[in-house]
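I have placed the structure first, in the form of structure tokens, so that the comments after it can refer back to it.
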2 protein chains.
Amino acid sequence: MPRVGLNQQTVVREAARLADEVGYQQLTLAALAGRLGVALPSLYKHVRGADALARKLSALATAELATELTTAAAGRAGGDALRAMADAYRDYARRHPGRYPATQQVPDPADPEHVVAGERAVGAIYAVLRGYGLTGDDAVDATRALRSALHGFVSLEAAGGFGLSREVDRSYHRLVAGMDLAFQSWPRARGTADQADQP
Amino acid sequence: MPRVGLNQQTVVREAARLADEVGYQQLTLAALAGRLGVALPSLYKHVRGADALARKLSALATAELATELTTAAAGRAGGDALRAMADAYRDYARRHPGRYPATQQVPDPADPEHVVAGERAVGAIYAVLRGYGLTGDDAVDATRALRSALHGFVSLEAAGGFGLSREVDRSYHRLVAGMDLAFQSWPRARGTADQADQP
DNA sequence: CCATAAAGCTAATCCCATTAGCCGCGATCG
DNA sequence: CGATCGCGGCTAATGGGATTAGCTTTATGG
């Protein structure tokens, strides 16, 4: 039969597009194969299975998100950087409702690209917080706090947890303003975070 | 054959126990039926299907969480109430790793108990924030912010997103302290939230 | 004691994931 | 130019879960 000419790249990229259209939970090898004009088992020539595809998708989405966060923060500092990054974060989640959930999967240690993408994403947040004078354990805690706030808001919003109100933008900006304030007065406690600690 | 004597209550309760043991994603009608000593299709006499079971489980878990939040906040105010409630929230999520994800499903409008449970949970948070002098739109925004922070942290923790570090407690307490500070200085902006607005 | 509703069952169907094994296209090498 | 061989596609088969249909049996209440 005519060769379609797939490779892992094209398969994973199409998976990302499909996930954004039908939702992360509805991303299925069967649907993906149909989309690519190929029989389901043919996908196994490019990905090891559904789990592996999910991990590859996670690596892709995490890399994209990391890039957007880094770009948003570039050339800014303090509250400016925080707001720009927060907007970029929510923006990505809304533009890519299927990819975003994939970014929450913990990076696969066996996939260097995945690991690097995760480090870049966390690193982007970490860098912004250095702008508040936070380092070491303080920065680790602050990074976790910021990730929590942004991820929590964005995932509640995606789940429809905020009802139909149109005032969600305002709520988000106030949350970010609250985090900004918190980071300004973040308790300066201890010195060095263990290098092994994942923020 | 000997009747087992199931009803919707027992089925949903066993589903909750099973979810906590094997994880929300691994909760399956097949596994549940096995656990109850019954053939899979027999479950359809008590629940309409997998989706309906998930909604009933959500109602159960949301009600439990609402009760624990309310209890934690009882007799406290301001930062005390906030810290107690935050601890109760995380505690619930850690004691019930399978039920907790169910609480994030938006309440089924057709199930009054589910709706009430959701209102109680949000109401508990809302009440604590009134202790900061927040009302109307301000309280709506603050409620969304607090839910985001708590849910975000707890779900990242459950996903293993914080690595293996043992210092997660400290990070959580600092996040809560940051929210406390933010609520103390929360911008007092507008008056009344639309009654229809879901925080 | 019987009628009936409810609670179980088996069987059948459908969808998805996975594995095994076949086949032809096409790039490469002699 | 033609033979080869690896790779990318295929079909078929298996197994697990959800759902529906329809049968049987148990309790229970009149």
Side-chain angles (χ1 to χ4, degrees), chain A residues 1-61 97-99 101-102 105 108 110-111, chain B residues 1-61 97-99 101-102 105 108 110-111:
Chain A
M1 302 276 95
R3 300 234 169 158
V4 184
L6 300 182
N7 56 42
Q8 200 179 63
Q9 280 265 323
T10 57
V11 169
V12 174
R13 282 214 263 257
E14 191 63 34
R17 262 180 248 124
L18 180 56
D20 283 340
E21 286 178 30
V22 304
Y24 184 70
Q25 291 301 326
Q26 282 66 48
L27 173 61
T28 186
L29 290 186
L32 180 56
R35 176 71 81 91
L36 290 166
V38 126
L40 194 160
S42 305
L43 295 179
Y44 284 77
K45 297 290 172 162
H46 308 290
V47 292
R48 293 184 150 289
D51 286 359
L53 176 65
R55 283 193 295 270
K56 287 295 181 189
L57 176 58
S58 176
L60 170 71
R99 286 145 140 110
Q105 195 164 319
D108 173 11
D111 181 350
Chain B
M1 303 285 98
R3 300 232 170 158
V4 183
L6 299 181
N7 56 43
Q8 200 180 63
Q9 279 264 323
T10 56
V11 169
V12 174
R13 281 214 264 257
E14 190 62 34
R17 261 179 248 124
L18 180 56
D20 283 341
E21 286 177 31
V22 305
Y24 184 69
Q25 292 300 327
Q26 282 67 47
L27 173 60
T28 186
L29 290 185
L32 180 56
R35 176 71 81 92
L36 290 167
V38 126
L40 195 160
S42 305
L43 294 179
Y44 284 77
K45 298 290 173 169
H46 307 291
V47 292
R48 293 185 150 289
D51 286 359
L53 176 65
R55 282 193 295 271
K56 286 295 181 189
L57 177 57
S58 175
L60 170 72
R99 286 147 142 107
Q105 194 165 320
D108 173 11
D111 181 351

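Chain A is the first sequence line, chain B the second, and so forth, proteins listed ahead of strands; every chain is numbered from 1.
A heavy-atom distance below 4.5 Å is not found between the side chains of T10(A) and E14(A). You'll find the side chain of Q105(B) stays beyond 4.5 Å of the side chain of L57(B), heavy atoms only. At least one side-chain heavy atom of L32(A) sits less than 4.5 Å from a side-chain heavy atom of L53(A).
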Which atom pairs link the protein and nucleotides 16-20 of chain D when you take only N or O atoms and keep those under 3.5 Å?
unit_1: dG17(D); atom_1: O3'; unit_2: T28(B); atom_2: OG1; d: 2.9
unit_1: dA18(D); atom_1: OP1; unit_2: T28(B); atom_2: OG1; d: 3.2
unit_1: dA18(D); atom_1: OP1; unit_2: L29(B); atom_2: N; d: 3.3
unit_1: dA18(D); atom_1: OP2; unit_2: T28(B); atom_2: OG1; d: 3.2
unit_1: dA18(D); atom_1: OP2; unit_2: L29(B); atom_2: N; d: 3.1
unit_1: dA18(D); atom_1: OP2; unit_2: A30(B); atom_2: N; d: 3.0
unit_1: dT19(D); atom_1: OP2; unit_2: Y44(B); atom_2: OH; d: 2.6
unit_1: dT19(D); atom_1: OP2; unit_2: A50(B); atom_2: N; d: 2.8
unit_1: dT19(D); atom_1: O5'; unit_2: Y44(B); atom_2: OH; d: 2.9

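Taking CZ of R48(B) as the reference point, atom CZ of R55(B) lies at 9.0 Å (rounded to 0.5 Å).
Following rounding to the nearest Å, L6(A) (CG) and dC25(C) (C1') show an atom-to-atom distance of 15 Å. Going from atom NZ of K45(A) over to atom C1' of dT18(C) covers 13 Å, rounded to whole Å. Rounded to whole Å, the distance from CG on L53(A) to C1' on dC16(C) is 14 Å. Here the C1' atom of nucleotide dG8(C) and the CG atom of N7(B) are 14 Å apart, to the nearest Å.
Contact detail for G98(A) and Y24(A): the closest heavy-atom pair is O-CD1, 3.4 Å. Scanning both residues, A61(A) and A102(A), for their nearest heavy atoms gives CB-CB, 4.4 Å. The nearest pair of heavy atoms linking L6(A) to H46(A) is O-CE1, 3.3 Å.
Residues from residues 8-23 of chain B lying near DNA chain C, meaning a heavy-atom separation below 4.0 Å, are absent.
Taking side-chain N and O atoms only, H46(A) has a distance below 4.0 Å to OP1 or OP2 of dG9(D). For the pair S42(B) and dA7(C), the criterion of a side-chain N or O lying under 4.0 Å from OP1 or OP2 is not met.
Within a 6.0 Å sphere centred on CZ of R35(A), other residues, nucleotides and ligands contribute more than 12 heavy atoms.
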